[in-house]
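Here the structure is laid out as structure tokens; the discussion comes afterwards.
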Amino acid sequence: MDSERYNAREVEPKWQRIWEDRQIFRTGNDESRPKYYVLEMFPYPSGRIHMGHVRNYTMGDVIARYKRARGFDVLHPMGWDAFGMPAENAAWHNKSHPADWTYANIASMRTQLKAMGLSLDWSREIATCDPGYYKHQQRLFLDFLKAGLVVRKKSKVNWDPLDHTVLANEQVIDGRGWRSGALVEQRELTQWFFKITDFAEDLLRSLDDMPRWPEKVRLMQANWIGRSEGLSLRFELEPAPQTTAREIEVYTTRPDTLFGAKFLAIAADHPLAGEIARKDPELAAFIAECHHGGTSAEAIETAEKKGYDTGLKARHPFDPDWHLPVYVANFVLMDYGTGAIFGCPAHDQRDLDFANAYGLGNTPVVCPPGEDPSTFTIETIAYEGDGMLIHSHFLDGMTMKDAKEEAAKRLESKLLGNRPQGRREVRYRLRDWGISRQRYWGCPIPVIHCAVCGAVPVPASDLPVELPRDMSFDEPGNPLDRHPTWKHVACPACGAPALRETDTMDTFVDSSWYFVRFTDPWNTAAPTTPSVVEKWLPVDQYIGGIEHAILHLLYARFFTRAMQATGHVGVLKEPFAGLFTQGMVVHETYRAKDGAWLYPAEVRFDYEFHGSLGPSRRAFRIDSGEEVAIGAIEKMSKSKKNTVDPDDIISAYGADTARWFVLSDSPPERDVIWTEDGVQGAAKFVQRLWRLMGELAGLAAPVGTPFPGDMSAEAAAIRRAVHMSLIKVEEDIARLRFNRAVAQIHDLANKLSAAIGAIESENIGADIRATFREAADIMVLMVAPMMPHLAEECWAALGHADLAAGAEWPIAERALVVEDTIAYPVQVNGRKRADLVVARDAGNAAIEAAALALEPVRRALDGKPVKKIIIVPQRIVNVVA
RNA sequence: GCGGACGUGGCGAAACUGGUAGACGCAAGGGACUUAAAAUCCCUCGGCCUUUGGUCAUACGGGUUCGACUCCCGUCGUCCGCACCA
């Protein structure tokens, strides 16, 4: 028998070359087969792929190859998210140019990806740093500008003092820059914004219509958009010397609690606070103090509620003689609502904390169910739930909902200064997307600033505004701004000397439309070809990390809408019909006595036994023998040295082994633990499958042999197992449950090995030979999406002249898996006691009689009378005694 | 604080719509082959007991049901997101 080992190192490049020569993964734009667009989030070209990429791209590739086999016209492209700060940092450290650094990284990562055997259409490759790409992005910017979707406004921005750049709110995590980790400062700058808030309602509402997105992601986006329905309400101020202002506008979602109001509070940044502070140094000092408060989670958590009494008095809207004090308070935010609130201590914890600190008291106006309104009081814990209105005049006895409605209605029809005093309003937490970045390595914003004409768009014919090549990166700040000539241009409108915008776009802009560009990357005249976009979008299956649940995915959803509004996309709205967020690749950490982290390759393991406690595992340094602490299993990171380089795995075991392993152990949405044992297990299975297919090739009938008329029971049983596996693997791949598909294939391999073992005679029947032919072919085609190289090699060994990658998916014969007997587990009082095999068409009476006749059932019944017998067809029999 | 997810052998896990808990794999132990090793093949592998059987067991405590890993209530723990959003 052929005992040759499968040599992935030789075989894999061979098939990769053949695939490439025959261009079988090229996708045209004018086929009529049903389309399927698979996309994995494109990588940042850091220089090396990591295991996370391997997992991500393998999953997408399995789907792409499977869908191709099922007759779909599959689009599966790849590109590079190539702008961003690491290139500039590298330029600064190594004196290399960001473009050179980036393109060199792309070249080496492309080689690595190709070694994985991914079925990608490389003819559509794009890099966002390529002028041929960002030219179109600038065009989109200008079209958005014309459509009113871009605005320039002065605003307070999050300034990252380490990266010298502006960050979007989404990029500030716990008060720190998402990349640098530096404490973010507030600065006032004039910035370009995309008006994502114009689409807030639609972005929120459409989430309900995205069944193939994880619930978790939709929820995160909904929370982020943060819709609230409330009332804008103006309080009249008593005349006072501090200010000429006659009113304060607050925003509230709880107009039902107006009769519980004890104070008004405005933000430290509120214009009125600023006005009063000019004449009131004590208030000025208080405002300054508010600004110094940290924005970190801990700082907010522990921050005391503090306020400053302005001395102003506001009139209660339902009782002009009722005056409320007006405070400046540290817990009121200027950038939400109107920057002012009314405080109802009994029903808002923050207000209660504040009221208790300043002795303002509280009046409960909502009585929880089951409480006695006459005795219900609030001390230190506010009641924020539903209930019945009390102490509230005309609202008394109403539910919260009715009271909100009634209060809103009255305030809408009540006039203050010729305008309704209250106005219903929907507010969002979502802010406009600030895209200006003070960096070199990004897409230039195509605008020229003219002293006379203002901000003038660069004419479309002048695009792209290209980044200058001759740069220096030895100082902090924006290199483009320091360039001696680049920014000096003539105003396109009046011809006078003018200055280019030197800010570049947030790199999230680049990734907000790349999936659209992939549909027709050859169009040099326009960003998209709408008819082609129509054909391919939406992406049928998008796969990437959960870390992009909010930022990237929300921006891309916005962009699709904005592109639709500007005619670059047709009727489509949602870019990603199906979203899958895969888990991370994690690994144990190892730490020496001196605290140094060690690579997995520097450690060996021993097992010790402690009786029933099970084995314990210890780790030792290979070089010194010193014992090493086995640490937590964590996301692979260079700093903790718990990384495994895909290149090493591929050269040691082959791409198929790596692919098989990342698919096999854990459900794809969960983290997978990378272990050396696991990889070896995968490698062993590669060899085992190769041997098994070799054995079957020797026993199987030639390709194309029909089944004989007479099939033995053995042959029928094998066919049943094969087709059962096929059905399950189809279901599992369709639902992205790759770990189950892997288990199923293992199982079938076990069964086929057993079948071969059971057949020892020299003269194997024609039925068995034909069955083995079918079994081997189906097995190989099922494995092909996951281990494509091994599949090709087996396919050829099995006598096929064509490519497995081009073969059609086998047709599962469902009739085969139906058995003519059914094995029922028989329970007595819900506890399994016996098995019962009956004919498929046996009636209930026959099943009951047979079940009661079983010896273990009689024993379990122990003479007790049977109350009833439950028979669930095809499932179970339960005898209730 | 608010919202969400999760909790099953030594480990990763599986279990369909409420129907045989632990498929499949890893690790481990025993055996075969071998001068030896690797590779390969076979057997065992949740706990306990009086072991052709019984009993307990899906974080813990209750409930619904003929039947619960699955549904409901409560407790504990872990992880994730948001966070003074009025």
Side-chain angles (χ1 to χ4, degrees), chain A residues 3 5 174 214-217 219-224 226-228 230-231 250-254 257 265 293 295 297 300-301 303 305 329-333 335-344 347-351 353-354 384 427-430 546 549-550 605 607 609 612-617 661 664-667 669-673 675-682 684-685 687-688 691 728 731 737 739-750 753 757 823-835 856 859-860 867-870 872 874-881:
Chain A
S3 64
R5 285 180 65 78
D174 289 345
E215 185 64 42
K216 176 188 171 77
V217 175
L219 194 73
M220 280 164 71
Q221 292 214 349
N223 289 341
W224 189 263
R227 184 184 198 272
S228 75
L231 199 69
V250 305
Y251 177 70
T252 180
T253 56
R254 294 295 304 273
T257 63
T295 45
I300 289 167
E301 189 79 23
K305 303 278 180 288
N330 65 347
F331 67 97
V332 179
L333 304 173
D335 50 2
Y336 187 81
T338 59
I341 61 154
F342 82 81
C344 174
H347 304 292
D348 183 294
Q349 192 60 49
R350 295 158 303 181
D351 297 347
D353 293 345
F354 187 78
E384 301 182 354
R427 299 251 175 189
Y428 302 90
R429 211 184 69 110
L430 183 71
I546 186 76
I550 297 171
F605 301 96
Y607 289 86
F609 287 86
S612 62
L613 288 169
S616 76
R617 192 160 147 271
F661 177 69
S664 59
D665 249 16
S666 296
E669 69 279 5
R670 236 181 272 179
D671 291 349
V672 64
I673 305 169
T675 62
E676 190 57 24
D677 286 332
V679 180
Q680 275 171 14
K684 250 158 59 177
F685 186 70
Q687 296 298 337
R688 180 170 174 220
R691 278 195 312 273
K728 287 182 175 170
E731 283 172 5
R737 306 185 68 164
N739 58 321
R740 295 194 345 160
V742 164
Q744 201 47 239
I745 288 167
H746 271 290
D747 201 34
L748 183 61
N750 290 344
S753 294
Y824 281 100
V826 180
Q827 298 180 329
V828 176
N829 291 330
R831 199 175 273 279
K832 193 208 160 189
R833 297 296 176 183
D835 289 296
R859 203 171 344 124
K867 287 197 194 120
K868 64 173 163 174
I869 300 180
I870 290 155
V872 183
Q874 328 272 312
R875 285 240 183 259
I876 206 163
V877 177
N878 192 9
V879 180
V880 185

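Only a predicted model underlies this, so the values are computations on that prediction, with no experimental measurement involved. Sequence lines set the chain letters: A, B, ... in the order given, protein chains first and strands last, and positions in each chain run from 1.
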Revision key, fill the gap. Taking Watson-Crick and G-U wobble contacts under 3.5 angstrom, with | marking pairs to another strand and [ ] crossing pairs, the secondary structure of RNA chain B is written (((((((..(((......[....))).(((((.......))))).((((...))))..(((((..]....))))))))))))....
Practice item. Report the distance from atom CZ of A:Phe661 to atom OG1 of A:Thr675, rounding to the nearest 0.5 Å. Key: 4.5 Å
**Study point:** Distance in angstrom units between A:Lys832 NZ and B:G53 P, rounded
**Key:** 10 Å
Point to revise | Selection from B:A39, B:C66, B:A27 that lies nearest to any side-chain heavy atom of A:Asn878 | key: B:C66
Check your understanding: Expressed in whole Å, how much space separates the C1' atoms belonging to B:A13 and B:G7?
Key -> 14 Å
Practice item. Using the C1' atoms only, state how far B:G62 lies from B:C76, rounded to an integer number of Å. Key: 15 Å
**Study point:** Separation of atom CD in A:Gln687 from atom P in B:A38, rounded to whole Å
**Key:** 17 Å
Review point. Side-chain donor or acceptor of A:Lys867 under 3.5 Å from a matching atom on the base of B:C66?
Key: no
Review point. According to a strict under-4.0 Å criterion, is A:Arg670 in side-chain N/O contact with OP1 or OP2 of B:A13?
Key: yes
Exercise for review: Identify whether any heavy atom of A:Pro856 sits under 4.0 Å from a base atom; if not, whether one sits that close to sugar-phosphate; answer base, sugar-phosphate or nothing.
Suggested key: nothing
Point to revise | Under-4.0 Å side-chain N/O to phosphate OP1/OP2 contact, A:Arg429 with B:C2 | key: no
Check your understanding: Counting side-chain heavy atoms from C-beta on, which of B:A86, B:A13, B:C24 comes nearest to A:Val332?
Key -> B:A86
**Study point:** Nearest to side-chain heavy atoms of A:His746, which nucleotide of B:C41, B:G25, B:A13
**Key:** B:G25
Revision key, fill the gap. Closest to the side chain of A:Ile876, out of B:C80, B:G54, B:G19, is B:G19
Check your understanding: Under 4.0 Å between a side-chain N or O of A:Asn739 and OP1 or OP2 of B:A14?
Key -> yes
Review point. If you look at every strand shown and take non-hydrogen atoms under 4.0 Å, does A:Leu219 touch a base, only sugar-phosphate, or nothing?
Key: sugar-phosphate
Practice item. Look at all strands and tell whether A:Asp353 reaches a base, only sugar-phosphate, or nothing, counting heavy atoms closer than 4.0 Å. Key: nothing
Review point. To the nearest angstrom, how far is A:Arg688 atom CZ from B:A38 atom P?
Key: 20 Å
Review point. Side chain of A:Ser228: nearest nucleotide among B:A23, B:A86, B:G12?
Key: B:A86
Point to revise | N or O in side chain of A:Asn223 less than 4.0 angstrom from B:A83 OP1/OP2 | key: no
**Study point:** Proximity to the side chain of A:Arg691 - top-ranked nucleotide from B:U55, B:C41, B:A83
**Key:** B:C41
Point to revise | Euclidean distance, atom CZ of residue A:Phe331 to atom P of B:A83 [Å, nearest integer] | key: 19 Å
Point to revise | Per A:Thr253 side chain, nearest of listed nucleotides B:C84, B:A86, B:A13 | key: B:A86
Review point. After noting the C-alpha distance and the side-chain angles of A:Asn750 and A:Arg688, does the key distance pass the side-chain contact (heavy atoms from CB on, under 4.5 Å) rule?
Key: CA-CA 10 Å; A:Asn750 290 344; A:Arg688 180 170 174 220; 2.9 Å; yes
Check your understanding: Expressed as a whole number of Å, how far does the P atom of B:A23 sit from that of B:A37?
Key -> 31 Å
Check your understanding: In Å and rounded to the nearest 0.5 Å, what is the CD to CD1 distance from A:Glu669 to A:Ile546?
Key -> 10.5 Å
Point to revise | Selected nucleotide, minimal atom distance to A:Asp665 side chain, candidates B:G12, B:C24, B:C26 | key: B:G12
Review point. Separation of A:Asp335 atom CG from B:A86 atom C1', in whole Å?
Key: 13 Å
Check your understanding: Between A:Arg875 and B:C66, is there a side-chain N or O to OP1/OP2 distance below 4.0 Å?
Key -> no
Review point. B:U55 and B:C42: how far apart are their C1' atoms, nearest whole angstrom?
Key: 31 Å
Practice item. Kindly assign one of parallel, tilted or perpendicular to the pair A:His746 and A:Phe685, based on the angle between their ring planes and the thresholds 30° and 60°. Key: tilted
**Study point:** Which residue lies more 5' along RNA chain B, comparing A:Met220 with A:Gly339 via nearest heavy atoms
**Key:** A:Met220
Check your understanding: Atom CG of A:Asn330 and atom P of B:A83: how far apart are they, to the nearest Å?
Key -> 18 Å
**Study point:** C1' spacing across the pair B:A39 / B:U34, given as an integer number of angstrom
**Key:** 11 Å
Exercise for review: Mind checking A:Arg427 for me? I need base, sugar-phosphate or nothing, with any heavy atom below 4.0 Å counting as a touch.
Suggested key: nothing
Review point. What is the distance from CZ of A:Arg254 to C1' of B:C84, rounded to the nearest Å?
Key: 17 Å
Practice item. Examine B:U55: is either OP1 or OP2 under 4.0 Å from a nitrogen or oxygen in the side chain of A:Arg833? Give yes or no. Key: yes
Exercise for review: Just call it for A:Asp351: base, sugar-phosphate, or nothing, with non-hydrogen atoms closer than 4.0 Å on any strand.
Suggested key: nothing
Review point. Does the side chain of A:Tyr251 get closer than 4.0 angstrom to OP1 or OP2 of B:A86 through an N or O atom?
Key: no
Review point. What's the closest nucleotide to the A:Arg859 side chain, out of B:A83, B:C66, B:G54?
Key: B:G54
Check your understanding: Atom CD of A:Gln827 and atom CZ of A:Arg833: how far apart are they, to the nearest 0.5 Å?
Key -> 10.0 Å
Practice item. Please test A:Arg254 against A:Ile341 for side-chain contact (heavy atoms from CB on, under 4.5 Å), starting from the C-alpha separation and ending with a verdict. Key: CA-CA 11 Å; A:Arg254 294 295 304 273; A:Ile341 61 154; over 6 Å; no
Review point. Roughly how far apart, to the nearest Å, are B:G9 and B:G1 at atom P?
Key: 29 Å
Study note, to complete from the structure: Here the gap from A:Phe342 atom CZ to A:Tyr251 atom OH, rounded to the nearest 0.5 Å, amounts to 12.0 Å
Revision key, fill the gap. To the nearest angstrom, the CZ-P distance between A:Arg737 and B:A13 comes to 13 Å
Practice item. Please tell me which of the listed nucleotides, B:G19, B:C41, B:A86, lies nearest to the side chain of A:Thr252? Key: B:A86
Check your understanding: Hey, does A:Lys684 reach any base, or is it just sugar-phosphate, or nothing, if we go heavy atoms under 4.0 Å?
Key -> sugar-phosphate
Check your understanding: Any side-chain heavy atom of A:Val880 within less than 4.5 Å of one from A:Ile870?
Key -> yes
Point to revise | Value rounded to 0.5 Å, distance of OH in A:Tyr824 from NZ in A:Lys832 | key: 15.0 Å
Practice item. Cation-pi check, A:Lys305 to A:Phe331: give yes when NZ or CZ is under 6.0 Å from the six-membered ring centre and within 45° of the ring axis, no otherwise. Key: yes
Review point. Given the C1' atoms of B:U20 and B:C66, what is the spacing between them in whole Å?
Key: 16 Å
Check your understanding: Syn or anti for B:G9, with syn set at within 90° of 0?
Key -> syn
Review point. What distance do A:Glu384 atom CD and A:Thr257 atom OG1 have between them, rounded to the nearest 0.5 Å?
Key: 10.5 Å
Check your understanding: Roughly how far apart, to the nearest Å, are B:U70 and B:U52 at atom C1'?
Key -> 33 Å
